[in-house]
Protein chains: 4
Amino acid sequence: MTWEFKKDRPIYAQLIEQIELNIISGLWGPGERLPSVRDLAAQAAVNPNTMQRALSELERDGLLYTVRTSGRFITEDGNMIQKLKDSLAMVEIREFFEKMSKLGFDRSQTIRMLENAARGEK
Amino acid sequence: MTWEFKKDRPIYAQLIEQIELNIISGLWGPGERLPSVRDLAAQAAVNPNTMQRALSELERDGLLYTVRTSGRFITEDGNMIQKLKDSLAMVEIREFFEKMSKLGFDRSQTIRMLENAARGEK
Amino acid sequence: MTWEFKKDRPIYAQLIEQIELNIISGLWGPGERLPSVRDLAAQAAVNPNTMQRALSELERDGLLYTVRTSGRFITEDGNMIQKLKDSLAMVEIREFFEKMSKLGFDRSQTIRMLENAARGEK
Amino acid sequence: MTWEFKKDRPIYAQLIEQIELNIISGLWGPGERLPSVRDLAAQAAVNPNTMQRALSELERDGLLYTVRTSGRFITEDGNMIQKLKDSLAMVEIREFFEKMSKLGFDRSQTIRMLENAARGEK
DNA sequence: GTGGTCTAGACCACC
DNA sequence: GTGGTCTAGACCACA
C-alpha cells in the first residue's frame with residue numbers, strides 16, 4: 001500500500017478516498033482490524049490528527065466501527081460496502097457524462113463509443 | 001468565455017485544453033480569426049507569453065494557423081477538428097474505464113451501469 | 001564546443017541545429033548526459049529560457065529525454081539519430097539541387113560536376 | 001523581376017548576385033541593353049548609388065560594359081558567362097560538400113545519395 | 001542541485 | 001497593429 005497526495009485537495013479527503021478504495025477493492029476485508037491511528041499515520045506520512053479525522057468521517061458513514069480498547073474494524077455489513085461502491089461509481093459516471101457532453105457527445109453516442117472501445121481492446 | 005485555472009497543472013496546458021474545447025464545441029468556428037495574443041492573454045488574465053506558448057502548441061498540432069501581421073485563425077480542416085474530438089473522447093473513455101476498474105467494475109458491468117444511468121435520468 | 005549565432009534566424013533555432021550536429025557527429029553520444037540547462041545557457045551565452053526552448057523542442061522530437069531532477073540525456077535510439085542524419089542530408093540535397101537549378105544545371109549535369117569536383121581534389 | 005533583400009548582407013552584394021543570376025539564366029541576354037541606373041535603382045527600390053556600385057563591380061569583372069552616352073550592356077562574350085556560371089557552381093558545390101561533411105558523409109557517400117535522390121524524384 | 005513554469009517588459013519584422 | 005523572439009528574474013516540485 002503506497003500513499004500519495006496531491007496538493008490541490010485536503011489530505012484528509014484524499015485519505016478517505018484511498019481507504020474507501022482499499023475497502024471496496026477488498027484489500028481490507030469486512031471485519032478486519034485496522035492498524036492503530038498512529039501506525040496508519042506513520043505509514044502514510046501524515047499527521048495523526050489528519051488520519052484521525054479521516055477515520056472519524058468514515059466511521060460516521062458507518063464504514064468503520066470502533067471497539068473500545070480493542071481497535072477499529074472494517075464494517076461487516078457487505079451491503080453497505082456495496083452501496084458505497086455503487087455510489088462512488090455513480091459519481092464517476094456523472095462526471096464522465098459531463099465531460100463527454102462538453103466534447104459534444106450525448107448519452108447514447110457516449111454509450112455507443114464505450115461499447116466500441118470495450119470491443120476494440122478485447 | 002470565462003477562463004479558470006487550477007493550480008495543479010501548468011496554465012498553458014489548461015489554456016490549450018480550454019481552447020480545444022472552444023474549437024470542438026464550435027464556439028470558435030473553422031476559419032474564424034482569433035483575438036490577438038495580447039487580447040486573449042488579457043482576457044484570460046495570463047501573461048502574453050503563456051498564451052503565446054499555448055497557441056504555438058496548438059499551431060504545431062495543426063489546429064490553428066498564423067497569417068503574419070494579420071492574426072491567428074482556426075483551421076478550416078473540419079476533419080482535423082473531428083479527429084481531435086474523437087481523440088479527446090478516447091482519453092476520457094480510457095480514464096473512465098480505469099477509474100471504474102479500481103472500483104471493481106469490469107468493462108461490461110460499467111457499460112451496463114451507464115445504460116441504466118442514462119435511462120434513469122430520461 | 002563553440003557557439004556562434006547569426007542575426008538572421010532565431011537563436012533557439014540555431015541552438016537546435018548546433019545540438020543536432022553535436023549528436024549526429026557523435027560528439028555527444030547516445031545516452032550521454034547533457035550539462036544542465038543553466039550551464040549550457042551560460043556556455044552559449046544565451047538566456048536559460050532560450051536554451052530551454054531549444055532543448056524542449058529536441059525532446060519533443062525524441063532526440064533527448066528528461067529524467068526529472070537528474071538531467072537531460074541524448075536518446076539511446078541509434079536508429080533515430082540515423083534518421084535525423086538522413087533527413088538533414090535530404091534537406092541539404094534538395095536545397096543544393098535548387099540552387100544549381102537556378103544556375104541552369106539540371107540534376108544529371110549537377111551530379112556530373114560533383115563527380116568531377118570530387119575527383120579533382122583527391 | 002522581383003527584388004528582395006535580406007538584412008544580413010550588404011545590399012550591393014545581393015544586387016550583384018541577383019544580376020549575375022539574371023545573366024546566367026539568360027533572362028538578360030548577351031548584348032542586351034540594361035535600363036538606366038536610375039530606373040534599375042527605382043525598380044529595386046534601392047539608392048542609385050548602391051545600384052551604381054553593383055554595376056561597377058560587375059563591369060570590373062567584365063560581365064557588363066559601358067558605351068558612353070548610350071548605356072550599359074551585357075557582355076557578348078558567351079565564354080565569360082559560361083565561366084561565371086561554372087565558378088558560381090563551384091562555390092555551391094564546395095559549400096555543399098562542406099555541409100554534408102559536417103553531417104558525416106564523405107564525398108563518395110554524398111554523390112551516391114545525390115544519385116538516389118535524383119532517381120527517386122523522377 | 002535538477003528541470004519546469006510564469007511574469008514583466010523589451011525589441012524586431014511585417015504590412 | 002499583428003505575431004515572434006529574447007532577456008532577466010522569480011518560484012515551484014522533486015529527490
Side-chain angles (χ1 to χ4, degrees), chain A residues 2-9 11 14 45, chain B residues 3-19 32-60 63-75, chain C residues 3-19 32-60 63-75, chain D residues 2-9 11 14 45:
Chain A
T2 69
W3 301 83
E4 290 178 8
F5 307 102
K6 303 195 172 172
K7 291 193 189 173
D8 60 331
R9 282 180 319 148
I11 289 186
Q14 301 186 54
Chain B
W3 301 85
E4 292 178 6
F5 308 104
K6 304 196 171 170
K7 285 185 289 186
D8 61 331
R9 280 181 321 145
I11 292 183
Y12 78 86
Q14 301 184 54
L15 285 173
I16 289 176
E17 198 178 289
Q18 299 219 17
I19 293 170
E32 189 171 324
R33 185 179 174 285
L34 295 183
S36 80
V37 178
R38 289 159 175 78
D39 288 353
L40 278 174
Q43 215 181 94
V46 299
N47 183 287
N49 284 331
T50 305
M51 182 59 78
Q52 168 81 7
R53 173 165 182 187
L55 296 177
S56 298
E57 300 219 2
L58 287 165
E59 188 165 348
R60 219 187 47 230
L63 223 59
L64 306 179
Y65 65 91
T66 295
V67 180
R68 267 268 190 184
T69 76
S70 157
R72 273 206 180 76
F73 301 80
I74 311 290
T75 182
Chain C
W3 300 86
E4 292 178 7
F5 307 104
K6 303 194 172 172
K7 285 185 291 187
D8 61 331
R9 280 181 320 146
I11 291 184
Y12 78 86
Q14 301 184 53
L15 285 173
I16 289 176
E17 198 178 289
Q18 299 219 17
I19 293 170
E32 189 171 324
R33 185 178 174 284
L34 294 183
S36 80
V37 178
R38 288 159 175 80
D39 287 353
L40 278 175
Q43 214 180 93
V46 299
N47 183 288
N49 283 332
T50 306
M51 182 59 77
Q52 169 81 7
R53 174 166 182 185
L55 296 177
S56 298
E57 300 219 2
L58 287 164
E59 187 165 348
R60 219 188 46 231
L63 223 59
L64 306 179
Y65 65 91
T66 296
V67 180
R68 268 270 190 180
T69 77
S70 156
R72 273 205 180 76
F73 301 81
I74 311 290
T75 181
Chain D
T2 69
W3 301 84
E4 289 178 9
F5 307 103
K6 302 194 172 173
K7 291 192 188 172
D8 59 332
R9 281 181 319 149
I11 289 186
Q14 300 185 55

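We use all heavy atoms of the structure for the numbers below, so side chains are in, but hydrogens, waters and symmetry mates are not. Proteins come first, then strands; the chains are lettered A, B, ... in the order of their sequence lines, and each starts at number 1.
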If you look at every strand shown and take non-hydrogen atoms under 4.0 Å, does B:Arg9 touch a base, only sugar-phosphate, or nothing?
nothing
Any side-chain N or O of C:Tyr12 less than 4.0 Å from the OP1 or OP2 oxygen of F:dC6?
no
Return no unless some side-chain N or O of C:Gln52 is found under 4.0 Å from OP1 or OP2 of E:dG3.
no
What's the [atom1]-[atom2] distance between [X] and [N], to the nearest Å?
{"X": "B:Ile11", "N": "F:dC12", "atom1": "CD1", "atom2": "P", "value": "14 Å"}
{"X": "B:Lys7", "N": "F:dA13", "atom1": "NZ", "atom2": "C1'", "value": "14 Å"}
{"X": "B:Gln14", "N": "E:dC6", "atom1": "CD", "atom2": "P", "value": "8 Å"}
{"X": "C:Arg53", "N": "E:dG3", "atom1": "CZ", "atom2": "P", "value": "19 Å"}
{"X": "C:Leu34", "N": "E:dG4", "atom1": "CG", "atom2": "P", "value": "12 Å"}
{"X": "B:Phe5", "N": "E:dT5", "atom1": "CZ", "atom2": "P", "value": "15 Å"}
{"X": "B:Leu64", "N": "F:dT2", "atom1": "CG", "atom2": "P", "value": "16 Å"}
{"X": "B:Asp8", "N": "F:dC12", "atom1": "CG", "atom2": "C1'", "value": "14 Å"}

Which value, rounded to the nearest 0.5 Å, describes the distance between [X] atom [atom1] and [Y] atom [atom2]?
{"X": "B:Leu58", "Y": "B:Arg60", "atom1": "CG", "atom2": "CZ", "value": "9.0 Å"}
{"X": "B:Ile16", "Y": "B:Leu63", "atom1": "CD1", "atom2": "CG", "value": "10.5 Å"}
{"X": "B:Asn49", "Y": "B:Met51", "atom1": "CG", "atom2": "CE", "value": "11.5 Å"}

For DNA chain E, what residues of residues 67-74 of chain B have any heavy atom nearer than 4.0 Å?
B:Arg68, B:Thr69
Please list, by residue number, the residues of residues 36-51 of chain C whose heavy atoms come closer than 4.0 Å to an atom of DNA chain E; answer none if no residue qualifies.
C:Ser36, C:Val37, C:Arg38, C:Asn49
Can I get a per-line list of side-chain donor-acceptor pairs under 3.5 Å for residues 32-45 of chain B, giving both atom names and the distance, sequence neighbours left out?
residue : atom : partner : partner atom : Å
B:Glu32 : OE1  : B:Gly29 : N            : 2.9
B:Arg33 : NE   : B:Ser70 : O            : 3.0
B:Arg33 : NH2  : B:Ser70 : O            : 3.3
B:Ser36 : OG   : B:Arg38 : N            : 3.4
B:Ser36 : OG   : B:Asp39 : N            : 3.0
B:Gln43 : OE1  : B:Trp3  : NE1          : 3.2

Minimal non-hydrogen separation, [X] against [Y], with atom names:
{"X": "C:Glu4", "Y": "C:Gln14", "result": "O-OE1, 4.0 Å"}
{"X": "B:Val67", "Y": "B:Phe73", "result": "CG2-CE1, 3.7 Å"}
{"X": "C:Tyr12", "Y": "C:Glu57", "result": "CE1-OE2, 3.9 Å"}

Using Watson-Crick geometry (N1-N3 plus N6-O4 or O6-N4) or G-U wobble (N1-O2, O6-N3), each under 3.5 Å, E:dG3 is paired with F:dC12
Is there side-chain contact between B:Ile19 and B:Leu55, with at least one heavy-atom pair below 4.5 Å?
yes
Can you check whether B:Val46's main-chain N or O pairs, donor with acceptor, with B:Thr50's side chain at less than 3.5 Å?
no
